[in-house]
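Basis for what follows: all heavy atoms, side chains included, without hydrogens, waters or symmetry-related copies. Labels below follow one simple rule: chain letters A, B, ... track the order of the sequence lines, proteins then strands, and each chain is numbered from 1.
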2 protein chains.
Amino acid sequence: MSKKATIYDIAKELKITAATVSRALNNNPKISEKTRELVQATATKLNYKQNKLALALKSGKSKNIGVVVPYINRIFFSSVIRGIEDELYPKGYHVIIAQTHDNKEKELKILQNLLNEQVDGILISSSYSNNEKHKLDYLVKKNTPFIFFDRKLNFPNISSVTLNDYQGGYDATKHLIEQGCMRIAHFLVDQELELYKNRFKGYKDALEKSGLPFLPEYVVTLKSDIEAGREAAKTIMKLPLPPDAIFSSTDYGLLGAVQYLNELSVKIPDDFCVVGFSNAPFTQFLETSISSVDQSPVEMGKTAAKVFLEQIENEQTVKICKNVVLPAKLIVRKSSGKIN
Amino acid sequence: MSKKATIYDIAKELKITAATVSRALNNNPKISEKTRELVQATATKLNYKQNKLALALKSGKSKNIGVVVPYINRIFFSSVIRGIEDELYPKGYHVIIAQTHDNKEKELKILQNLLNEQVDGILISSSYSNNEKHKLDYLVKKNTPFIFFDRKLNFPNISSVTLNDYQGGYDATKHLIEQGCMRIAHFLVDQELELYKNRFKGYKDALEKSGLPFLPEYVVTLKSDIEAGREAAKTIMKLPLPPDAIFSSTDYGLLGAVQYLNELSVKIPDDFCVVGFSNAPFTQFLETSISSVDQSPVEMGKTAAKVFLEQIENEQTVKICKNVVLPAKLIVRKSSGKIN
DNA sequence: TTGTACGCGTTATCAC
DNA sequence: GTGATAACGCGTACAA
């Protein structure tokens with residue numbers, strides 16, 4: 001296979017200058033119709049394709065954006081990326097993805113690498129908590145736009161797109177109360193992360209508003225997996241006065257709990273109601289489908305992409321910063337459907 | 001924020017040449033220890049970072065590879081990408097992803113774009129069938145390595161990593177026969193695509209080998225979703241002699257069928273056995289967990305990445321081409337577990 | 001050991 | 001309208 005054709009090749013062919021070729025190709029008005037056609041003809045003839053790398057070096061815009069997530073094969077993140085790609089591809093951007101594996105040092109390296117790659121922006125769901133966000137300080141202050149999604153860090157003047165986790169927690173708990181549940185337990189995942197704290201807060205506020213007592217022994221902190229959920233359920237069901245419902249910040253943890261409750265022959269939803277968070281695909285496929293709070297991940301991705309575009313388009317004029325909060329949507333299914 | 005520092009900036013600072021700086025930074029042996037240290041010191045002082053774009057233009061290697069899939073948020077594809085990224089990131093490559101939405105023209109455009117971006121390789125699960133693969137002919141013949149995964153197109157001298165779909169279909173069917181099933185239906189997805197044909201072939205051969213008749217009315221072609229599966233089940237259960245098992249090429253279609261069978265109060269696995277394909281996450285979470293053929297997607301991604309690396313490393317010497325076929329793994333669960 | 005000069009492929013700014 | 005030249009940031013043959 002021969003080398004790729006450049007504008008010089010087509011210039012030589014036509015005995016004109018590369019500059020002229022460039023102008024013709026870019027539909028510069030100051031060019032004769034004749035040469036334009038001639039150039040375009042030979043361009044297709046030689047199968048010329050613009051080298052985006054050279055353009056990027058020249059213009060300082062790579063038309064690449066970096067997307068950084070813990071693991072790309074978690075359905076939530078892959079759906080966000082889907083939204084980002086859907087939105088950005090038509091605008092000529094390419095999406096570079098990188099996984100942190102929830103490792104903070106790796107995240108740091110990835111960010112540096114992406115910046116060296118001259119990405120035009122970075123969309124990230126960070127592994128850092130707000131306590132240690134200062135380690136990213138010098139990166140965020142560079143010229144490249146940062147947009148945080150889902151897992152946000154509070155930097156002044158930095159945009160973010162997050163879910164209204166507080167409202168999600170509140171709605172879920174309120175719904176359980178409306179179903180007649182009086183002793184609602186909560187599965188909490190990571191006290192460090194803002195979004196889990198907010199769901200927890202929503203839970204507490206909903207209890208308070210309804211005059212139900214908040215009982216610390218009804219709150220279990222656990223990892224987001226089935227086994228941990230099973231153990232957590234075991235713990236709360238051993239209490240002198242076991243709960244009659246769970247609002248869980250993790251669908252997987254909740255699944256483990258449901259499995260354990262089934263073994264105890266506890267009837268869901270008749271004697272026990274549960275609501276999860278994330279709306280993982282499996283929740284709707286179970287015989288006793290599980291209510292859960294949907295995070296609209298694709299929408300979140302699209303929104304993050306739009307915020308990025310706004311920011312990049314207004315670069316010269318004003319530095320804009322937006323903090324979008326998307327609504328959480330409670331999806332009621334059989335697991336909490338006493339009334340219907 | 002100030003502009004990014006270049007080697008010129010640090011050269012000026014030290015009153016030496018950019019060339020010397022470059023050499024010092026790249027640990028060129030022909031450089032005095034003193035200047036090396038000096039350069040490195042001022043480099044960190046000025047917060048210098050190599051501009052990968054310039055390097056890419058210079059070297060002709062962008063250290064980016066393109067990964068092309070139908071939809072990135074399908075668990076199979078996101079898992080493959082996870083494998084690819086895990087393998088390639090440590091080698092200094094970045095992964096650019098693009099979604100075809102199963103649209104062939106879009107796929108074509110994406111490939112051209114990626115090539116213009118000067119990616120060092122393309123890993124793709126194509127939307128094209130072998131009948132129309134000639135439309136990609138001129139792309140594949142370029143210098144950039146192509147590697148097909150899962151959905152393969154048969155080009156001479158082009159590498160691929162695929163699943164042994166035939167074996168998967170064979171094993172699944174054989175397993176059902178061993179469970180005592182005598183009238184095994186098959187859910188076929190897309191007759192055009194090689195991989196579905198292969199699963200179908202495995203099904204037929206397993207029947208034949210066991211002396212069971214192949215009955216065309218037991219084969220239903222359907223889309224890969226729940227509703228279609230439900231309809232397909234309706235169709236086969238209306239037959240004069242309904243089947244007593246299904247081997248489905250799609251887990252989602254099978255789920256629809258299982259739901260319908262539940263409504264008919266058909267007992268699974270006692271009176272009816274089912275095996276799916278893909279090992280979708282939900283299959284293991286159902287009360288009656290569903291047997292399915294696992295495709296080891298992460299492994300497939302890693303393998304594809306390795307094949308790419310081999311190819312790129314031996315570029316100068318011999319053009320190597322590998323066609324790796326990964327084993328399909330039948331996972332037996334309750335839905336076909338009569339015997340245990 | 002270091003400096004000089006050039007090229008990677010484009011586009012932009014001058015001239016003419 | 002078109003040509004000549006410089007510049008983006010880097011690495012490297014060649015010369016010194």
Next item on the list: Any chance you could list the contact pattern along nucleotides 11-16 of chain C? Use B for base contacts, S for sugar-phosphate-only contacts and - for none, protein heavy atoms under 4.0 Å, 5' to 3'.
Entry: BBB---

Notebook entry, point to check: So how far off straight is the helix from dT1(C)-dA16(D) to dC16(C)-dG1(D), going by the axes through five pairs at either end, to 10°?
Noted result: 50°

Checklist line | chain B contact limits on DNA chain D, taken 5' to 3' with a cut-off of 4.0 angstrom to heavy atoms | finding: dG9(D) to dA13(D)

Going by atom type alone, with no hydrogens or angles, which donor-acceptor pairs under 3.5 Å involve a side-chain atom of residues 152-159 of chain A and a protein atom two or more places apart or on another chain?
residue, atom, partner, partner atom, Å
Ser159(A), OG, Gln311(A), OE1, 3.0
Ser159(A), OG, Lys322(A), N, 2.9
Ser159(A), OG, Lys322(A), O, 3.4

Margin query: Set out, in order, the CA-CA distance, both residues' side-chain angles and the distance that settles salt bridge (Lys or Arg N to Asp or Glu O under 4.0 Å) for Lys302(B) and Glu299(B), then state yes or no.
Written below: CA-CA 5 Å; Lys302(B) 288 192 182 196; Glu299(B) 205 49 48; 5.6 Å; no

Next item on the list: Using a heavy-atom cut-off of under 4.0 Å over every strand shown, decide if Lys49(A) touches base, sugar-phosphate, or nothing.
Entry: sugar-phosphate

Check: Looking for any heavy atom pair under 4.0 Å, which part of the strands does Ile16(B) touch: base, sugar-phosphate only, or nothing?
Finding: sugar-phosphate

Note to self: Regarding Thr17(B), tell me which of base, sugar-phosphate or nothing describes its non-hydrogen contacts under 4.0 Å with the strands shown.
What the structure shows: base

Note to self: So for atom NZ, which belongs to Lys52(B), do other residues, nucleotides or ligands contribute more than 12 heavy atoms lying within a distance under 6.0 Å?
What the structure shows: yes

Notebook entry, point to check: Which pairs count as ring pair (Phe, Tyr, Trp, His ring centres under 6.0 Å) when at least one residue sits in residues 34-80 of chain A, sequence neighbours excluded?
Noted result: Tyr71(A)-His101(A)

Next item on the list: List for me each residue that meets side-chain hydrogen bond (donor to acceptor under 3.5 Å, both in side chains) alongside Glu194(B), sequence neighbours excluded, and say none if there are none.
Entry: Asn130(B)

Next item on the list: With sequence neighbours excluded, tell me which residues meet side-chain hydrogen bond (donor to acceptor under 3.5 Å, both in side chains) with Asn26(A).
Entry: Ser22(A)

Notebook entry, point to check: In chain order, what residues pass the side-chain hydrogen bond (donor to acceptor under 3.5 Å, both in side chains) check against Ser59(B), with sequence neighbours excluded?
Noted result: none

Next item on the list: Kindly compute the distance separating NZ (Lys12(B)) from OG1 (Thr42(B)), expressed to the nearest 0.5 Å.
Entry: 13.5 Å

Check: Rounded to whole angstrom units, what separation is found between the CG atom of Asn28(A) and the C1' atom of dT10(C)?
Finding: 14 Å

Item checked: Listed partners of Lys58(B) passing side-chain contact (heavy atoms from CB on, under 4.5 Å), at least two apart -> none

Notebook entry, point to check: Is the shortest side-chain N to carboxylate O distance from Lys63(A) to Glu117(B) below 4.0 Å?
Noted result: no

Note to self: What is the distance, to the nearest angstrom, from the CG atom on Asn116(B) to the C1' atom on dG9(C)?
What the structure shows: 13 Å

Notebook entry, point to check: By a strict heavy-atom criterion of less than 4.0 Å, which residues belonging to residues 30-46 of chain A are in contact with DNA chain C?
Noted result: none

Margin query: List the residues meeting ring pair (Phe, Tyr, Trp, His ring centres under 6.0 Å) with Phe146(A), not counting sequence neighbours, and say none if there are none.
Written below: none

Next item on the list: Using a strict 4.0 Å threshold on nitrogen-to-oxygen distance, state whether Arg151(A) and Asp102(A) make a salt bridge.
Entry: yes

Next item on the list: Return the set of residues passing side-chain hydrogen bond (donor to acceptor under 3.5 Å, both in side chains) with Gln50(B) (not counting sequence neighbours), or none when no residue passes.
Entry: none

